[in-house]
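Hydrogens, waters and symmetry mates are skipped; everything else that's a heavy atom, side chains included, is used. Model, not experiment: these values are computed from the prediction.
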Amino acid sequence: MKADEKPSWGLVSPSGVAYHFGTSGLSVAVATVVTHPLDVLKVRLQMQLVGEKGPLTGMGRLFLQVLKNEGPRFLYLGLTPALTRSVLYGGLRLGLYEPSKYACNWAFGSNNVFVKIGSAGFGGAIATALTNPVEVLKVRLQMNPNLRKGAAGELRAIIGEEGVKALWKGVGPAMARAATLTASQLATYDETKRMLIRWTPLEEGFHLHLTSSTVAGMVSTLLTAPVDMIKTRLMLQQESERVGSYRNGFHCAYQVLRTEGPRGLYKGSLAMFARLGPQTTITFVVCEQLRELAGLKAI
């Protein structure tokens with residue numbers, strides 16, 4: 001949405017709302033299918049040498065090792081909950097951005113970069129709080145390739161063995177990560193588009209969307225890698241029992257720094273960038289195209 005346009009969220013129809021959230025969720029789902037193998041690798045890399053310092057296995061070598069030991073199917077472990085989460089979480093975190101921005105503009109008469117950051121962060125945090133159980137289920141399946149009970153069976157096992165509360169393990173860091181990720185992605189994308197339109201010959205269209213989303217992917221990866229690693233560790237507490245239980249996100253960060261060094265916070269960051277960069281680009285490019293087909297304004 002251009003700076004001189006007034007948002008139209010005050011007069012939106014039910015079908016418009018459905019198209020708005022639907023295009024957001026579908027675009028994230030498309031990006032998830034393409035980049036899911038890198039997400040599996042990222043989780044495996046983040047769980048290396050828990051509580052220890054030492055040489056880490058690189059992404060390429062780990063990929064070959066796991067491919068040899070587990071076969072090609074490991075590339076799409078946890079895909080079902082990942083897609084479910086993509087539609088719900090992606091639809092909410094992207095879909096809440098425009099109405100939140102409109103509400104802030106209505107309340108404060110401002111639509112500056114801080115409003116964009118706050119609006120995007122709010123959407124990301126709310127979406128994660130609601131969909132955290134699906135994320136817990138996804139990382140459990142990604143880390144345990146020998147499970148034969150499937151997503152539904154694993155969900156029942158988690159509830160039966162650890163209680164319903166276990167489905168919200170890591171929700172604090174997950175909300176912090178989602179708020180940081182969504183704020184950095186959407187605010188960077190929105191502001192980059194605005195600046196490119198103002199200072200370059202680029203106009204609304206594919207090349208503008210591609211350039212802006214690439215910048216957003218780089219910024220969001222840099223800011224969210226440590227929080228993402230902490231979120232993964234908390235959700236996979238059983239895999240980390242050798243170093244004791246993490247009480248919360250801050251305790252997890254302290255333990256990682258103490259036992260694994262600062263580098264430990266960036267385990268899996270290369271895989272995260274390799275995944276999040278393309279995922280951000282695909283999400284925004286597909287979302288903009290779907291919005292155009294649905295008769296909605298560009299983000």
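Nearest approach of Ala120 to Ala183, heavy atoms of both residues: CB-CA, 3.5 Å. Closest non-hydrogen pair, Phe122 versus Ser100, comes out as CD2-OG, 3.6 Å. Closest approach of Ala166 to Ile158, counting heavy atoms only: CB-CG2, 3.9 Å.
Linking Ile, Leu, Val, Met, Phe, Trp and Tyr whenever their side-chain heavy atoms come within less than 4.5 Å puts Ile126 and Leu92 in one cluster. Note on Val219: it does not cluster hydrophobically with Val115, by side-chain heavy-atom contacts below 4.5 Å among ILVMFWY residues. Tracing side-chain contacts under 4.5 Å through hydrophobic residues (I, L, V, M, F, W, Y), one never reaches Leu222 starting from Met229; they form parts of separate clusters. Placement of Leu62 and Tyr76 within a single hydrophobic cluster is found when ILVMFWY residues are connected by side-chain heavy-atom separations under 4.5 Å, directly or transitively. Under the 4.5 Å side-chain contact rule for hydrophobic residues, Tyr266 and Leu257 share a cluster.
The closest donor-acceptor contact from the side chain of Trp168 to the backbone of Val136 lies at 3.5 Å or more, if one exists at all. Between the side chain of Glu288 and the backbone N or O of Ile299 there is at least one donor-acceptor pair closer than 3.5 Å. Under the 3.5 Å distance criterion, the side-chain polar atoms of His20 are left unmatched by any main-chain donor or acceptor of Leu96. The backbone N or O of His209 sits nowhere less than 3.5 Å from a side-chain atom of Ser212 that would complete a donor-acceptor pair.
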Practice item. Kindly determine whether Lys42 and Asp228 satisfy side-chain contact (heavy atoms from CB on, under 4.5 Å), including the steps that lead there. Key: CA-CA 10 Å; Lys42 180 207 71 175; Asp228 186 79; 3.0 Å; yes

Exercise for review: Step by step, work out the side-chain contact (heavy atoms from CB on, under 4.5 Å) result for Leu167 and Leu155.
Suggested key: CA-CA 9 Å; Leu167 295 174; Leu155 179 62; 3.7 Å; yes

Exercise for review: Dump the intermediate steps for side-chain contact (heavy atoms from CB on, under 4.5 Å) on Gln185 and Leu276, then the final yes or no.
Suggested key: CA-CA 10 Å; Gln185 277 184 334; Leu276 191 56; 3.7 Å; yes

Check your understanding: Going through the distances and angles, do Asn105 and Tyr102 end up as a side-chain contact (heavy atoms from CB on, under 4.5 Å)?
Key -> CA-CA 5 Å; Asn105 189 52; Tyr102 168 76; 5.5 Å; no

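Counting only heavy atoms from C-beta outward, the side chains of Leu94 and Thr283 approach each other to under 4.5 Å. Using a 4.5 Å heavy-atom cutoff, the side chains of Lys116 and Arg194 are in contact. Leu290 has its side chain out of reach of Tyr19: every pair of non-hydrogen atoms, C-beta onward, lies at least 4.5 Å apart. For the pair Glu260 and Gln255, the minimum side-chain heavy-atom distance is 4.5 Å or more. When side chains are defined from C-beta on, Leu293 does not count as touching Gln289, because their heavy atoms never get closer than 4.5 Å. Side-chain contact check for Thr281 versus Leu210: some heavy-atom pair is nearer than 4.5 Å. When side chains are defined from C-beta on, Ser220 does not count as touching Thr188, because their heavy atoms never get closer than 4.5 Å. With contacts defined as side-chain heavy-atom distances shorter than 4.5 Å, the pair Leu77/Glu70 qualifies.
The environment of CD in Glu292 is sparse: at most 12 heavy-atom neighbours from other residues, nucleotides or ligands sit within 6.0 Å. The number of heavy atoms from other shown groups lying within 6.0 Å of NE2 (His207) does not exceed 12.
In this structure, the separation between CZ on Arg258 and NE2 on His251 is 7.5 Å, given to the nearest 0.5 Å. Distance check, rounded to the nearest 0.5 Å: CG of Leu202 to NZ of Lys193 gives 11.5 Å. To the nearest 0.5 Å, atoms CZ (Arg177) and OG1 (Thr182) are separated by 8.5 Å. Going from atom CE of Met218 over to atom OG of Ser184 covers 12.5 Å, rounded to the nearest 0.5 Å. With rounding to the nearest 0.5 angstrom, the CG atom of Leu186 is 7.5 Å from the CG atom of Asp190.
Contact check on Glu162 versus Arg140 returns a salt bridge, with a Lys/Arg side-chain nitrogen under 4.0 Å from an Asp/Glu carboxylate oxygen. A salt bridge does not link Glu98 to Arg291: none of the charged nitrogens lies less than 4.0 Å from a carboxylate oxygen.
Under the side-chain hydrogen bond (donor to acceptor under 3.5 Å, both in side chains) criterion, Tyr89 pairs with no residue at all, not counting sequence neighbours. With sequence neighbours left out, Arg85 forms a salt bridge (charged side-chain N to carboxylate O under 4.0 Å, His left out) with Glu135. For Ser15, the side-chain hydrogen bond (donor to acceptor under 3.5 Å, both in side chains) partners are Ser13, not counting sequence neighbours.
Ring planes of Tyr189 and Phe284: parallel class, angle under 30° (limits at 30 and 60°).
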